[in-house]
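Lettering of chains follows the sequences in order, A, B, ..., and the numbering in each one begins at 1.
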There are 2 protein chains.
Amino acid sequence: MQIKEAEKVFKALGQSLRLKIIALLAEQEFCVCELEEIFGVSQPAISQHLRILKEADLVEEEKIGQWVFYSLKREYLEEFLRDFSSYLISPLEAKKDLEQERARVKQLEQNPKVTCRPLPR
Amino acid sequence: MQIKEAEKVFKALGQSLRLKIIALLAEQEFCVCELEEIFGVSQPAISQHLRILKEADLVEEEKIGQWVFYSLKREYLEEFLRDFSSYLISPLEAKKDLEQERARVKQLEQNPKVTCRPLPR
DNA sequence: ATAATATATAAGAAAATAGTTATATACTTG
DNA sequence: CAAGTATATAACTATTTTCTTATATATTAT
């Protein structure tokens, strides 16, 4: 689990229209023009949201004629969410992106310049 | 599962510093002044991120003297992630926030003004 | 080939986000 | 009570996000 990957996925999930698109695509695939109709926003808006979802690996596309049908990569999403839960449980040493922060934590433990932790909690 | 709640949680998770804070708080609780030291950003920045996490129900605070210690609500977070996965599997009829969109999907099925779906896929 | 349709990308504007410094509030200590 | 420390909030700024309209590209139909 990499912080940057998690940030990208959660950012993609953190917008109501994209969440609704995902909730729909969980049911069946839709093409851009259908999503445009369904949500009543402009076609570029739909395309741009789908691009963000695609860059987060949450959807995939299938081009059929002049249409592009999008579907949810449910397996990947579910695996990602499970991995994130596991990541949280893992010890700090296993959290590669927090090397620097872990060093500072150790430093604080040894030399508590702030007085908030008189005895180990 | 409500779209608005999910949006708030995912938005809170969709920022690298907040993700790192969460990853640390998963290990043990920290007070604001420690997080400030650990991450090397200003105290208001930490406070503001913690407020966003608190409003998403992801952390809770315990005031001890003049310090405020924050801890991760891991149970809530994990339950939320599981609920979100279940939500995606649930049928469209069960997705309360998508009433309007479901109506439009039905409308499209009955009267396909777009030609992208010649036969039911 | 031309026109029509579907999608993606570009450009620009309004709003939201994430940081800063300054200040207010609360608690602790002398 | 006064001074010092910790935290929260306010005000401001730079950046990012999210939409729009305009345009480019690709496919289909006449």
Side-chain angles (χ1 to χ4, degrees), chain A residues 3-4 7-22 25 29-56 59-71 108 112-118 121, chain B residues 3-4 7-22 25 29-56 58-71 108 112-119 121:
Chain A
I3 294 286
K4 276 299 160 198
E7 183 185 13
K8 182 171 277 192
V9 172
F10 285 132
K11 211 161 263 196
L13 293 172
Q15 207 267 2
S16 61
L17 179 51
R18 284 197 293 270
L19 276 176
K20 288 177 187 173
I21 290 173
I22 284 176
L25 295 183
E29 53 183 30
F30 287 96
C31 74
V32 178
C33 67
E34 290 175 314
L35 293 172
E36 184 186 348
E37 286 271 326
I38 291 165
F39 290 106
V41 299
S42 69
Q43 174 267 315
I46 296 290
S47 275
Q48 286 157 12
H49 283 304
L50 289 169
R51 179 167 46 75
I52 288 169
L53 292 173
K54 192 173 68 183
E55 282 171 358
V59 302
E60 56 194 359
E61 57 193 81
E62 186 191 2
K63 183 154 193 174
I64 299 180
Q66 59 190 320
W67 296 280
V68 181
F69 284 83
Y70 283 86
S71 56
L108 271 182
K113 72 173 262 195
V114 285
T115 53
C116 59
R117 215 177 271 272
R121 301 169 58 82
Chain B
I3 294 285
K4 275 299 160 198
E7 183 185 13
K8 182 172 278 192
V9 172
F10 285 131
K11 211 162 263 194
L13 293 173
Q15 208 267 0
S16 61
L17 179 50
R18 284 197 295 271
L19 275 176
K20 289 177 185 173
I21 291 174
I22 284 177
L25 295 183
E29 52 183 32
F30 288 96
C31 74
V32 178
C33 67
E34 290 175 314
L35 293 173
E36 185 186 347
E37 287 273 326
I38 292 166
F39 291 105
V41 298
S42 68
Q43 173 268 315
I46 297 290
S47 276
Q48 287 156 13
H49 283 303
L50 289 169
R51 180 167 45 74
I52 288 168
L53 292 173
K54 193 173 68 184
E55 282 171 359
L58 293 177
V59 301
E60 57 194 358
E61 55 192 83
E62 186 192 2
K63 182 153 195 174
I64 298 180
Q66 58 191 321
W67 297 281
V68 182
F69 283 84
Y70 283 84
S71 56
L108 271 183
K113 75 173 260 195
V114 285
T115 53
C116 59
R117 215 177 273 272
L119 44 143
R121 301 168 57 82

Revision key, fill the gap. Heavy atoms of A/A56 and A/V9 approach each other most closely as O-CG2, 3.8 Å
Review point. Any idea which heavy atoms bring B/L58 and B/I22 closest together, and the distance?
Key: CD1-CD1, 4.2 Å
Practice item. Name all residues meeting the side-chain hydrogen bond (donor to acceptor under 3.5 Å, both in side chains) criterion together with A/E60; count only those two or more places apart in sequence or in a different chain, and write none if there are none. Key: none
Point to revise | Under-4.0 Å salt bridge between B/K8 and B/E55 | key: no
Using whole Å, report how far [atom1] of [X] lies from [atom2] of [N].
X	N	atom1	atom2	value
B/E37	D/dT7	CD	P	11 Å
B/R18	C/dA18	CZ	C1'	8 Å
A/E55	D/dT18	CD	P	13 Å
A/L19	D/dT17	CG	P	16 Å
B/K8	C/dT17	NZ	P	11 Å
A/Q15	C/dA16	CD	P	12 Å
B/L17	C/dT17	CG	P	16 Å
A/I21	D/dT18	CD1	P	11 Å

Review point. Is there a side-chain contact between B/L13 and B/R18, using heavy atoms and a 4.5 Å cut-off?
Key: no
What pairs of nitrogen or oxygen atoms, one from the protein and one from nucleotides 7-13 of chain C, lie under 3.5 Å apart?
residue, atom, partner, partner atom, Å
C/dT7, OP1, A/V32, N, 3.4
C/dT7, OP1, A/V68, N, 3.1
C/dT7, OP2, A/C33, N, 2.6
C/dA8, OP1, A/Y70, OH, 2.6
C/dA8, OP2, A/S47, OG, 2.7
C/dA8, N7, A/Q43, OE1, 3.4
C/dA8, N7, A/Q43, NE2, 2.7
C/dA8, N6, A/Q43, OE1, 3.1
C/dA10, N6, A/Q48, NE2, 3.4

Revision key, fill the gap. Output for pair (B/E62 CD, B/F69 CZ), nearest 0.5 Å, gives 8.5 Å
